Amino acid sequence: MSSLWDELEQFLDDVEKPARYIGGEDGAIDPEHSPEKASWLLIYPDTYEIGLPNQGLQILYEILNERDDSVAERSYAPWVDMSREMRKRKIPLFSVDTHRAAGEFDILAFNLSAELVYTNLLECLDLSDVPLYSKDRNAEHPIVIAGGHCTYNPEPFADFIDIAVLGDGEEVVGEISEIFSHWKSKSGKELDRSGLLRELAGLAGVYVPSLYETTFSKGRLVSILPKVEKNITNVIEKRTISDLEAWPYPKNQLVPLTEVVHDRLNVEIFRGCTRGCRFCQAGMITRPVRERPREQIVSMVEKGLKRTGYDEVSLTSLSSADFSGIENVISEVMTQDSCSPVSVSLPSLRVDAFTVDTASQMQQARRTGLTFAPEAGTWRLRQVINKLISDDDLFAAVESAYSQGWRRVKLYFLIGLPTETDEDTLGIVDLAEKTLEIGRKHHKSPSVTVSVGGFVPKPYTPFQWFGQNTEQELLRKIYLLRDAAKKIRGLKLKWHDSRATVVEGILSRGDRRLAPVLEKVWQKGGIFQEWSEYFDIDLWKNAMEEEDLLIEDFSYRHRDEDEVLPWDHLSAGLHKDFLWQDWRDALNNQGLEDCRWTPCYDCGACTGYGTEHVVASAVPPAGGSQGTGAASQQGNEITVSISEIETVKNLQASGVNE
Amino acid sequence: MRCLRVRYTKRGKIRFIGHRDVARIWERTLRKANIPVLYSQGFSPHPRISFGLALPTGFESEAEYVDIYLGEEFFLKDFDAELIQQGIDRALPTGMDALKVGIVSTSEDSLQEAVDACVWEVRISGISAEGFKKIRSELFSCDSLSIERERKGKILVEDVRSQIHSMDIAEEHTDGVTILTELGTKPRVLRPTDLLKRINSELRTVRVLRKEQLTLQGNQRIEPLSIELHPAAPAEVLA
């Protein structure tokens, strides 16, 4: 094994942001390679600035390097100028730790957290000199693994990977290392790659796509079944670590030498969320809630700040304000002995319990913007999506923000939600206008930035059956908002490119027929598709057409209850009938309370795995309506028929299938 | 008012980080080393530190300087320069080493104003020592040397001959030479790479290292540290 550094430093001066490729971060581990160990290259297939802070990757990086049977390094997708240079000079993808070639590692493990990076997976494989398709690889080649939230529907990229891992990776990476290092030690004998994959398929949470066969009939998926082989399970269950306290990682968070996103100390305070927002895949697939003990959080923050020199810590989770006694945690963190002020940020501020106290307490060192996410413009639609915050909750939150000195507030919304009418869409501008009115009580010229994203239905959510809004329909709604927002002083409207939403939709619920589509888009240079300057809808539309596939089929049509979904052979624990019922409730404007503080709905996430919530407090936090029944009386009742045909009609009436 | 002035290096892989990144690293370093830097006032306070002449990304240096603004009490109560230098050195990343610390008064010129010349070590490939000596003597025999430089979007033609104080071969290699050159920084910094390109477009610079930043004191050029304290042993740099 040798370092490519000598070759790299010849031309790093000539590429944009060369610091992306040098490694050397505080917290980087000097890898101890040895022939017996399984060597992992953990790859985040986006730029260094986006990938470096990823906590999942950092956690596995530490765990794998602590083990005796494994070693890990990191890599990120080289930017287009760099990959051009690399190809010209025949330099393969390399690790940033010791700059060794990707092909020299045993395992290439990709973290996939968004659909639009799928073509970067292909780009990284190609740069690594590894055949794109799993079927073309042999014992000489690394094993290609995918993890991250996208593996809950890995079918679009299933042909390119050898293994997908579902759920928490802390334990399973060790199990994979054990099997791999043992397999590697079988010297003399011919190393049988397919035997290895079969053995790995025996691990819980491990899906080997090549062992499953998909059958299509009349343009529809009809089954995904194990190829006739022994010991291959019909359904692959996700992995869940039940005790976060046992995994206080990352212990030495990487501190980059150059600027990255989320450039601060990040401490994960809990995993999972049971708010039950129906559009939110993360909240569904990471159940149950598992809180880290308060003392551990405080000590991780204390040590982390001291070691890194950061003056800001983010207490991360899907809904950090929901942590039992979050106010106490924040004040403990803030009162630490330090010569400079410390800021605390919560990545997801809850709208309904935002107290004056926490707002003023949190940001001593510097104040960043405040973002609230009501997600939908009217109470009715918020009941549909189960984001049970009332208008008054929002107004109380912004009142407190403006009165504490913030002049700018950001509001985040989705458009294209099930049952959405133009009244709902325009409700967004209405909320923003009222927010500004509150702001004017405190400032001369307050401002509100409204960010609007197009809704993409995701697997394992109650909305997985919903037909996504078309590109034109989303655009129409954006224009509707734009026209309404024009007249309002202080209101800034931003929106996500609806063409990108289309592609996300295709991939989100796609199946194996998309492999050649991904390959074609990649071949035509369609990488970094989540970067607006490189996103190209025509590449996707052309590739779909060449493969005789209709966007309509993948994205825009509603699914029936009995349709086979491409991820039916994988499981996040959630019962399909629970999700279906929740979908029906949604169409009935019926909210569902948080199960942390109410009896179990038997969604399957706890009962199926013998786990349960790990929370310090079994009562809801104070403030706001908290998604309790009290709130739901505020909305207007709107009747939606529950019969199948009527439902579809209602959806169409609301402008879904144009 | 006084500040702590630190001389530090930027060598090895870390030469590829930009000036803003260096500033961020210093902010974290001071917190790690528990140096109670003063903060600016306002909605978004930031630590008060200022740097000398910016080093182009990709260049190495053994003579970077930073001024750190501190309350007067920092210098009064048992000020131990060696301990401070060591503490900072430990907190800096690989490739950045704190070599010396000194105390300067804020009434003196800022680093950027005070520095009058830089000494550069440049590794050049594709030329013999003889070939370089010829280029050198031609250079010093001219009275003027004009260079085109871009400034705020405009192309300026400037005579930089008087900014070239010295240029000598420090080492000969099989495939080139290493030179030492002192270049004036007034009115504008003259980069050794720009100069060499102007002299002979065939010359290929492989590596550039800033050896010194100098200020003019009477007739002498000296480094901008008013007191010299405990030079550190050169740290090993991985590259």
Side-chain angles (χ1 to χ4, degrees), chain A residues 3 5-6 8-28 30 48-49 82 96-99 254-260 263-265 304-312 336-343 363-369 405-408, chain B residues 10-49 56-60 68 70-71 73-74 87-88 90-96 123 125 193 204-208 237-239:
Chain A
S3 167
W5 177 254
D6 289 349
L8 290 167
E9 69 175 348
Q10 310 279 327
F11 66 97
L12 276 186
D13 264 339
D14 306 327
V15 300
E16 219 178 287
K17 301 187 184 170
R20 288 165 165 168
Y21 311 108
I22 64 174
E25 304 88 349
D26 186 3
D30 198 11
Y48 179 81
E49 298 91 286
M82 182 68 174
V96 297
D97 296 275
T98 64
H99 299 95
L254 293 166
V255 185
L257 298 170
T258 186
E259 194 173 15
V260 299
D263 202 357
R264 58 191 171 220
L265 182 68
L305 290 174
K306 213 163 267 170
R307 187 186 70 80
T308 61
Y310 278 124
D311 63 347
E312 186 184 356
Q336 280 187 64
D337 182 35
S338 156
C339 66
S340 56
V342 171
S343 287
Q363 306 200 326
Q364 279 181 5
R366 81 175 69 81
R367 288 191 163 184
T368 49
W406 274 276
R407 204 176 59 79
R408 254 176 229 134
Chain B
K10 190 184 177 199
R11 293 181 289 208
K13 288 176 182 168
I14 208 165
R15 72 181 184 276
F16 290 111
I17 69 169
H19 188 63
R20 276 163 44 91
D21 294 327
V22 170
R24 249 190 306 275
I25 287 173
W26 271 101
E27 291 184 18
R28 288 197 300 263
T29 296
L30 296 178
R31 284 191 290 264
K32 281 162 76 173
N34 258 311
I35 307 288
V37 57
L38 296 177
Y39 276 72
S40 64
Q41 303 295 307
F43 192 67
S44 177
H46 52 270
R48 293 184 57 194
I49 52 179
T57 304
F59 285 16
E60 294 181 281
I68 302 154
L70 293 150
E73 66 280 3
F74 179 78
I88 292 175
R90 265 196 305 276
L92 283 168
T94 306
M96 283 171 71
R123 172 88 164 81
S125 74
T193 40
R204 223 174 71 75
T205 52
V206 180
R207 216 149 177 174
V208 184
V237 177
L238 298 167

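The shown structure was predicted, so the numbers you read here are calculated from the model rather than taken from an experiment. In what follows, chains carry the letters A, B, and so on, assigned in the order in which the sequence lines appear, proteins first and then strands, with residues in each chain numbered from 1. Any value given below was found using the heavy atoms of this structure, including those in side chains, with hydrogens, waters and symmetry copies removed.
Shown here for B:Pro93 and B:Ile14, the closest heavy-atom pair between the two residues is CG-CD1, 3.7 Å.
Residue contact with chain A, scored on non-hydrogen atoms closer than 4.5 Å, involves the backbone and the side chain of B:Ile17 alike. Interface residue A:Asp13: backbone and side-chain heavy atoms are both found under 4.5 Å from chain B. Only the side chain of A:Gln10 comes within contact range of chain B, judged by heavy atoms closer than 4.5 Å. With a 4.5 Å cut-off on non-hydrogen atoms, A:Arg20 does not touch chain B at all.
With A:His99 contributing its side chain and A:Tyr21 its backbone, the two residues share a donor-acceptor pair below 3.5 Å. Of the possible donor and acceptor atoms, one in the side chain of B:Asp21 sits under 3.5 Å from a partner among the backbone N and O of A:Glu259. With B:Arg15 contributing its side chain and B:Gly12 its backbone, the two residues share a donor-acceptor pair below 3.5 Å.
Your options are A:Thr308, A:Leu305, A:Thr258, A:Leu257, and the one with the most heavy-atom pairs under 4.5 Å with chain B is A:Leu257. In terms of heavy-atom pairs under 4.5 Å with chain A, the best-connected choice from B:His46, B:Arg24, B:Arg20 is B:Arg24.
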| said: side-chain contact (heavy atoms from CB on, under 4.5 Å) for B:Val22 and B:Met96? Distances and angles first, verdict last. | reply: CA-CA 10 Å; B:Val22 170; B:Met96 283 171 71; 4.2 Å; yes

